[in-house]
Amino acid sequence: MYNFEFAKPKTVEEAASAMAAEGAQALGGGQTLLPTMKQRLASPEVLVSLTGIDGMVGVSASGGSVTIGGATTHAQVAADVAESYPALAALAANIGDPAVRNRGTVGGSLANNDPAACYPAGALGSGATITTNKRDIAADDYFQGMFETALDEGEIITSVSFPIPQKANYQKFDQPASRFALVGVFVAKTPDGVRVAVTGASNEGVYRWTAAETALNSDFSQAALEGMSGDADDMISDLHGSGAYRAHLVGVLTRRAVAACG
Amino acid sequence: MPKITMNVNGASVSAEVENRTVLSAALREEMGLTGTHIGCDTSQCGACVVHVNGKAVKACTMFAVEADGANVDTIEGQAHADGSLNIIQQAFQDHHGLQCGFCTPGMIMSAAALLKDNPKPTEAEIRDYLEGNICRCTGYQGIVNAIMAASGQSAAIAAE
Ligand SMILES: Cc1cc2nc3c(=O)[nH]c(=O)nc-3n(C[C@H](O)[C@H](O)[C@H](O)COP(=O)(O)OP(=O)(O)OC[C@H]3O[C@@H](n4cnc5c(N)ncnc54)[C@H](O)[C@@H]3O)c2cc1C
Ligand code: FES
Ligand code: FES
């Protein structure tokens, strides 16, 4: 990989000014960015490490929601929200493998918006709010297609707030070689209705399966989804699974998630 | 070049590295600690697992400058001071937990991290924890048996 200048700021303000430099890029846990740089698909001139910013690491729960610092690792989320939001803890605990979870961060995952990543489903399914150094962005406005987000150049995810649903569950069908989701479905029953977020399946990246939401709003049961599946025409088709297979999995995993919600 | 200082296996070590130098390269090339192996260099295989501030990480997927000031434990620090093998290493030897030995440093470091958090894991928990450690000699049953034995449990006889 090409060499770069390295900055390790202590505050969000310092990080924001470092990010203003030409060719600057944020570094979270590096679990995606570092392999990308090795392949020279990314060659930032300045890397701004966010993991030394105390204010961006940690979890706090209050008033029916949990707020997670943008540089908090998956392992810490798995441990720290186990009681307040078990479905989110389980999602974090199943990302990749233990070593990936000890470095990878929620901010890095959401900024990257990999079409097979787990956090986008958790954030969209929960109706989370993504907070940056500039503004708050609702999850419904944040995800804009594969690897595309509402973030501006140089914008830093400082924290993410997840309202805690009445019931929630995430079902991940592992792609065993990559350890990402072949398909993943996050179901949340909230006071404002049911939300169903699907990752790994669509060519458009994470999305809400509104037909399932409508069915579940009138009857929150597996039976309400009988015979329903995703739309194969919109699905990713690759050597790991055809579009039809993924569309089928969307239906199966959503039913499993509803069943697991109890 | 930036100078980094780490506490490696209990001793303070300094080295000059480029910003782009990954931790596995710093350990192997600057510090002569070649026990940390590089299999894939793409965070898939786990041969390079070391502990940074007590947590298992893939040293090929972390910049050395990010470990400045950290406590780093590698396979070289696992044996006892008199050179005898620690309980996990000995169990790997006793239970055929290695064939060629390439994956073994990463397996041992992952096993050590697991047993620190979960001193009596089930066989399923061991397999789940080792998801990111690949053995090309397919010695998994021996590896699982060794970790069962190292945690004071009778080793499974056959794969479930
Ligand atoms: C073997 C393996 C298995 C994996 N399995 C899964 C899985 O099952 N599910 C899953 O969801 N993910 C998986 N991942 C991805 C993992 O979760 C990554 O950690 C994550 O996608 C990126 O987080 P990071 O902190 O490492 O970000 P980095 O790699 O540091 O950065 C990724 C991108 O985000 C930007 N960025 C980082 N932090 C911020 C921030 N706070 N604000 C703005 N931009 C930022 C960077 O500039 C870069 O563009 C896996 C990765 C590996 C290597
Ligand atoms: S060499 Fe680091 S994971 Fe394979
Ligand atoms: S013992 Fe040869 S790779 Fe595991």
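Numbers restart at 1 for each chain; the letters A, B, ... are given by sequence-line order, proteins then strands. Please read these numbers as outputs of a predicted model, since none were measured by experiment.
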Peer 1: Counting only heavy atoms not in B:E125 (residues, nucleotides, ligands), do more than 12 fall under 6.0 Å from its CD?
Peer 2: yes
Peer 1: Where do B:E18 and A:N3 come nearest, in terms of heavy atoms and distance?
Peer 2: OE2-ND2, 3.5 Å
Peer 1: If you count the non-hydrogen atoms of other residues, nucleotides and ligands that lie under 6.0 Å from NZ in B:K120, is the total more than 12?
Peer 2: yes
Peer 1: Decide, yes or no, whether a salt bridge links B:K58 with A:D97 under the criterion of side-chain N to carboxylate O below 4.0 Å.
Peer 2: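 Salt bridge present between B:K58 and A:D97.
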Peer 1: Is any side-chain heavy atom of A:D174 closer than 4.5 Å to a side-chain heavy atom of B:E131?
Peer 2: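 Heavy-atom side-chain distance check passes, below 4.5 Å.
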Peer 1: Using the rule given for side chain to side chain contact (heavy atoms under 4.5 Å, CB included), can you reason through B:K55 versus A:R103, listing the C-alpha separation, both sets of side-chain angles and the distance that settles it, and then say yes or no?
Peer 2: CA-CA 9 Å; B:K55 307 255 188 242; A:R103 294 291 306 161; over 6 Å; no
Peer 1: Return the CG to CG distance between B:N53 and A:N102, rounded to the nearest 0.5 Å.
Peer 2: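 If I round to the nearest 0.5 Å, the distance is 11.0 Å.
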Peer 1: Go through the atoms of A:A177 and report whether side chain, backbone, both or neither lie under 4.5 Å from a heavy atom of chain B.
Peer 2: backbone
Peer 1: If I compare all heavy atoms of A:F4 with all of B:N19, which pair ends up nearest, and what's the gap?
Peer 2: O-ND2, 2.8 Å
Peer 1: Atom CD1 of residue position B:I87 - does it have more than 12 heavy atoms of other residues, nucleotides or ligands inside 6.0 Å?
Peer 2: no
Peer 1: Considering residues, nucleotides and ligands other than A:H248, do more than 12 of their heavy atoms fall under 6.0 Å from its NE2?
Peer 2: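 12 or below, so no.
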Peer 1: Can you tell me how far apart CZ (B:F63) and NZ (A:K8) are? Round to the nearest 0.5 Å.
Peer 2: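 Reported to 0.5 Å precision, the distance equals 12.0 Å.
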Peer 1: Identify which part of A:L47 has an atom lying under 4.5 Å from any heavy atom of chain B, answering side chain, backbone, both or neither.
Peer 2: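 It is the side chain, since no backbone atom gets that close.
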Peer 1: Counting heavy-atom pairs closer than 4.5 Å to chain B, which one of A:P98, A:G96, A:G30, A:G52 comes out on top?
Peer 2: A:P98
Peer 1: So what's closer than 4.5 Å to chain A heavy atoms on B:D41: side chain, backbone, both or neither?
Peer 2: both
Peer 1: Under a plain distance cut-off of 3.5 Å, with no hydrogens placed, do B:E66 and A:S49 share a side-chain donor-acceptor pair?
Peer 2: yes
Peer 1: What part of B:V22 lies closer than 4.5 angstrom to a heavy atom of chain A: side chain, backbone, both or neither?
Peer 2: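 Answer is side chain: those atoms of B:V22 sit under 4.5 Å from chain A.
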Peer 1: Does any heavy atom of chain B fall under 4.5 Å from the side chain of A:T51, the backbone, both, or neither of them?
Peer 2: side chain
Peer 1: Less than 4.5 Å apart, any side-chain heavy atom of B:C60 and any of A:K38?
Peer 2: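 Of all side-chain heavy-atom pairs linking A:K38 with B:C60, at least one is under 4.5 Å.
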